[in-house]
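See structure below.
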Amino acid sequence: MKPSRKPTPFSDPTGFESIEVIGAREHNLKDISIALPRNNLVVVTGISGSGKSSLAFDTIYAEGQRRYMESFSAYARSFIGNLERPDVDKINGLSPVISIEQKTTSRNPRSTVGTVTEIYDFMRLLFARAGDAYSYLSGKKMIRQSEEQILEGIFQHFNKKKLTLLAPSVRGRKGHYRELFVQIRKSGFTKVRVDGEILDITAKMQLDRYKIHDIEIVIDRIVADQKDRYRIGQSVARSLKEGKGVMMLMEEDDTIHHFSKFLMDPTTGLSYDEPAPNLFSFNSPYGACPVCNGLGVIEEITEDSVIPDKKLSIMRGGILPLGEYRDIWIFKKVEAILKRYKLSLSTPIKDIPREVIKILLHGDDVPVAVPSVKYPGTDWNTKFEGIISFLEKMREDSSEGAKRWMEDFLTTRVCPDCQGARLKKESLHFRIDGKNIAELAVLDIMELQKWFEKLEDRLTDKQRTIAVEVLKEIRKRIGFLVDVGLDYLDLNRPLRTLSGGEAQRIRLATQIGTQLVGVLYILDEPSIGLHARDNVKLIKALKDLRDLGNSVIVVEHDKEMMLDSDFIVDIGPGAGRHGGKVVAIGPPAEFLKNNSITSKYLNGTLNIPYRKTKRTGSGQSLSVLKASGNNLKEVDLTIPLGVFVAITGVSGSGKSTLIHETLFPILNKHLFKSRMEPLAHKGVKGLEFIDKVIEVDQSPIGRTPRSNPATYTAVFTDIRDLFAQMPEAKIRGYKPGRFSFNVKGGRCETCEGAGLRLIEMEFLPDVYVNCETCKGKRYNRETLEVRFKGKSISDVLDMTVEEAVSFFEHQPRILRKIETLNDVGLGYISLGQHATTLSGGEAQRVKLATELSKRDTGKTLYILDEPTTGLHFQDIAHLLDVLQKLADKGNTVLVIEHNMDVIKSADFVIDLGPEGGQKGGRIVAKGTPEEVSKNKASHTGRFLAEELRSVG
């Protein structure tokens, strides 16, 4: 295939009209050759596991990254090693590549929407240069004055009055200050004002070193008269010099007035340092709240976390860190304290007086006598420091293991000093138009955009001149966030709490802001977590990126995205080894005429089937009353039990707050005695109808290559037991542990059973390469010699789920767990696939399969968060079949979802809204999908009505 070059002088900088991939064989790709038009919006789609990501990320992006690394000097490459070339013959027309994936979200609590988009950085600059300072003592506006202004003020306000000019030297500090008095005297001054009293400086003069003192130097005594202007000016200058920019003025009746060249409260004398941008940063020691170090919350050990159940006695484990009674030193100490108050270890904690509980938890100075075992008849007298005091000490200087153990006793609460604002007092008293920076950071983006609109009209001339360029940058970046449908977030929102789709769209907004040209962007399902209403905004943002002169490749399953793109590539026809081929390609109009599965779903030939007859359920319900966490407006949620329920609403309407942060912690606390604290609500009804709750979210199943679907679902334990039963294993005396890659014995010791070795890159993400000893097989030669049906344990880990189903067909315990993985559409992944390579949607389905393989009770509540993430139309049909079967058994399935195919299949829909952020937090509509589709106030209802019409 020859590259087609443009002959025009204004041709594409690469000289190619298309990105030509020739002979791609990475993972399951079947030697495909393909030409993708440059400067177009290209969608790569296909069934889950068909090879979309292998083409977009593992071939095109990996080659782009490798070529970038090749451009480094040999010296630089020697530090970071060489990246392996993807299995492809040739790629032509490749621009610099930027990948925007789902898995790049920071877990750092200090990374927020504001810091990553740079909006907060520009706001810090704005407040440092144009903010008005106010005193946190008197609330008055702080002022700064030049020497000339101070002098004019003296003549204006104190004309003909007798005054004493003072220069502050010591403020509120302990010490005897003998050397200071000597130094002041050497400077030519004879009097000082100490703690409000004017004294002559005498030889060997000193103060009480254990008391707090205020010391001012008496610079001059004057009468404020214009004829002495020169002398008074000299004295004012000397006062400011000795007082380091600050001076005081004392009248005859001892009334004090403060003046400063810096920011100062004229009433109280409180002064602030000159503001700099880092004064408003919660990641800098100059701006962060000193109590919570800029996190807005503090972790502490409380009585309730140490004594969760006061009905128990100490003997029966009432004090959680101690556990049940053992014959050890600490219990003897506790027993001795209780004996002093005529109590015993068997007394229920609720019957122990408060003062005794206080001693047990916080200790006291009274020595405790404990009988000695070594020397009978003698006692050891030692002080008891208290259980909470001991844990606090352990927290500061313990091993990682001990710190993890202590996490069970920590509770998180809002910082009492900054009230969650993250900044110190001074920073919070700088205002623009009546608001401080923390108040702006908690406004949602839409409110923030309104506040910044016409802000110049509310500023002074000086502020306007300073702020004009900064405001342009802030407005531009806020506009990009609104354009990608994130107007419901606030700048304080931690990045780790965002969904994969939200994090991607933030990075997308940042990239649009860079205004780069001639770049190839590759995105991985940016529509995740986006309501159908906001999809239009996302598509427009991608088109804007394209129109700047960039090529955009999107791996996506969304119907609207495909139809609005310039070019579609469908990889298939199946998953895993059944995929890896290009089954359809072309612009949307041509693509719809193809015969591929995706084309048929797009042109309406195929539809995801749904039940028109809805379940009525058990007649019981679970209710949360007056939920008011985050943006919820005293919501009364009633969930019918025994049915399939969909929770819907535009992004940011309060779905996650209501379900994950209110309902789930309530159930977890009730059923499993968890210490998860639910958000604010008034009450709950119907808990007796639920005996088990299972939450399946999109967090990874593991953060290292050691985690995989086989270990997570626990099927690997049964497989190891099976291999240990083989005659060859019995002859050699191998136990199940021999077949574990996590312990010594059977594993390869070079890579310690990981199959991969970690290569640490200096300034790029770490890279894993196959182990050179075992070639990625994880085990040593002797272990691999044990075989079942001709396959070693490593061969089994390399099998796809689909292959394993037929391989283990006569092993019912193993088969049950593997079949559930197949049922949720994961037939294409291998049993030993590294957890780090699974997408958020795949990880969620592995968790779902793990729960499905367990016996359900018929009174279980399943909570799923967007289970259709990463699923093709065909896979959604499989997933819905699994969820419907769960509900058929009497369980309740609660799904947070934006996908209309899932919503129309639900028995009951609860729609939150009407908008995101502060305009959301209410239940707009509830009922069957048909009933919700008729509700004019519901955005979901509008799109649902279209969906129901399309399926007749």
Side-chain angles (χ1 to χ4, degrees), residues 36-45 56 98-102 113 116-117 119 444-446 448-450 452-453 472-489 498-568 587-589 591 602 649-653 898-900 913 915-917 919 939-940 942-943 946:
L36 306 174
R38 288 179 53 78
N39 301 340
N40 278 251
L41 174 55
V42 178
V43 170
V44 181
T45 188
I98 292 176
S99 124
I100 303 180
E101 294 180 78
Q102 292 175 39
V113 171
V116 82
T117 56
I119 294 172
D444 61 53
I445 297 295
M446 193 55 90
L448 194 65
Q449 190 180 40
K450 280 183 189 163
F452 274 109
E453 262 177 34
K472 271 186 206 168
E473 294 295 329
I474 292 173
R475 285 186 188 129
K476 192 165 71 176
R477 282 164 170 76
I478 290 174
F480 294 142
L481 285 180
V482 173
D483 289 345
V484 293
L486 293 173
D487 51 17
Y488 57 89
L489 295 178
L498 301 179
S499 70
E502 286 172 331
Q504 269 202 87
R505 292 199 295 282
I506 278 186
R507 290 193 63 204
L508 177 61
T510 309
Q511 286 302 330
I512 297 169
T514 60
Q515 301 281 301
L516 287 175
V517 176
V519 174
L520 169 59
Y521 288 98
I522 304 181
L523 291 94
D524 187 10
E525 290 197 73
S527 67
I528 295 167
L530 201 59
H531 192 272
R533 186 199 66 163
D534 298 321
N535 230 353
V536 184
K537 292 179 181 175
L538 173 65
I539 294 166
K540 183 182 178 298
L542 292 173
K543 286 183 172 178
D544 288 346
L545 207 54
R546 174 202 66 189
D547 295 342
L548 282 170
N550 300 300
S551 305
V552 182
I553 296 177
V554 184
V555 175
E556 189 58 271
H557 296 290
D558 182 72
K559 194 173 181 177
E560 282 72 32
M561 182 79 77
M562 287 189 232
L563 294 173
D564 262 329
S565 67
D566 302 315
F567 199 79
I568 306 175
F591 185 86
L602 286 180
V650 298
S651 307
S653 57
H898 292 295
N899 187 292
M900 289 299 153
E915 300 295 333
K919 291 182 181 174
H939 290 299
T940 306
R942 193 169 76 248
F943 288 96
E946 283 175 32

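At a threshold of 4.5 Å between non-hydrogen side-chain atoms, the residues Pro526 and Glu556 count as touching. With contacts defined as side-chain heavy-atom distances shorter than 4.5 Å, the pair Ile553/Tyr521 does not qualify. By the 4.5 Å heavy-atom criterion applied to side chains, Val554 and Val42 are not counted as neighbours. Side-chain atoms of Arg505 and Leu481, non-hydrogen and from C-beta on, never get closer than 4.5 Å to each other. Taking 4.5 Å as the limit, every side-chain heavy atom of Glu560 sits out of range of all side-chain heavy atoms of Leu563. Residues Leu523 and Leu508 are in side-chain contact: their nearest non-hydrogen atoms beyond the backbone lie under 4.5 Å apart. With a 4.5 Å cut-off on side-chain heavy atoms, Phe567 and Leu41 do not count as touching. Here the side chains of His939 and His531 are in contact, with some heavy-atom distance below 4.5 Å.
Across Ala56 and Val555, no two heavy atoms sit closer than the pair CB-CG2, 3.6 Å. Nearest approach of Ser565 to Val43, heavy atoms of both residues: CB-CG2, 3.6 Å. Nearest heavy-atom pair, Val484 versus Ala509, reported as atom, atom and distance to 0.1 Å: CG2-CB, 4.1 Å.
For the side-chain hydrogen bond (donor to acceptor under 3.5 Å, both in side chains) test, no residue two or more places apart in sequence or in another chain qualifies with Thr117. For the side-chain hydrogen bond (donor to acceptor under 3.5 Å, both in side chains) test, no residue two or more places apart in sequence or in another chain qualifies with Lys543. Partners of Lys540 under the side chain to side chain contact (heavy atoms under 4.5 Å, CB included) rule, at least two apart in sequence or in another chain, are Asp544. Applying the side-chain hydrogen bond (donor to acceptor under 3.5 Å, both in side chains) criterion to Ser653, with sequence neighbours excluded, gives no partner residue. In terms of the side chain to side chain contact (heavy atoms under 4.5 Å, CB included) criterion, residue partners of Gln449 (sequence neighbours excluded) are, by chain and number, Met446, Ile478, Val482. Among residues two or more places apart in sequence or in another chain, the salt bridge (Lys or Arg N to Asp or Glu O under 4.0 Å) test is passed with Arg942 by none.
Expressed to the nearest 0.5 Å, how far CG of Asp487 lies from OG of Ser651 amounts to 9.0 Å. Between atom CZ of residue Arg546 and atom CG of residue Asp566 there is a gap of 4.5 Å, rounded to the nearest 0.5 Å. Rounded to the nearest 0.5 angstrom, Asp483 CG and Asp534 CG are separated by 11.5 Å. For the atom pair CG of Asp564 and CG of Asn535, the computed distance is 9.0 Å after rounding to the nearest 0.5 Å.
Here Lys450 does not pair with Glu453 in a salt bridge; the nearest charged N to carboxylate O distance is not below 4.0 Å.
Put simply, the side chain of Asp558 never gets that close to the backbone of Ser527: no donor and acceptor are under 3.5 Å apart. Remark: side-chain polar atoms of Ser551 are paired, donor with acceptor, to backbone N or O of Asn39 under 3.5 angstrom. At least one donor-acceptor pair closer than 3.5 Å links the side chain of Arg475 to the backbone N or O of Phe452. Looking only at distances, a side-chain donor or acceptor of Asn550 sits under 3.5 Å from a matching main-chain atom of Val519.
Screening Ile98, Leu548, Leu545 for a side-chain contact (heavy atoms from CB on, under 4.5 Å) with Leu516, the sole residue that qualifies is Ile98.
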TODO: Determine, stepwise, if the pair Leu489 / Ile506 fulfils side chain to side chain contact (heavy atoms under 4.5 Å, CB included).
DONE: CA-CA 10 Å; Leu489 295 178; Ile506 278 186; 4.1 Å; yes
Show, in sequence, the C-alpha distance, side-chain angles and deciding distance for Met561 and Ile539, and conclude whether the side chain to side chain contact (heavy atoms under 4.5 Å, CB included) test is met.
CA-CA 7 Å; Met561 182 79 77; Ile539 294 166; 3.8 Å; yes
- request: Under the side chain to side chain contact (heavy atoms under 4.5 Å, CB included) rule, what do His898 and Val650 come out as? Steps first, then yes or no, please.
  value: CA-CA 8 Å; His898 292 295; Val650 298; over 6 Å; no
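At most 12 non-hydrogen atoms from other residues, nucleotides or ligands lie less than 6.0 angstrom from NZ of Lys919.
For the residue pair Glu915 / Tyr488, no side-chain donor-acceptor distance below 3.5 Å is found, with atom types taken as modelled.
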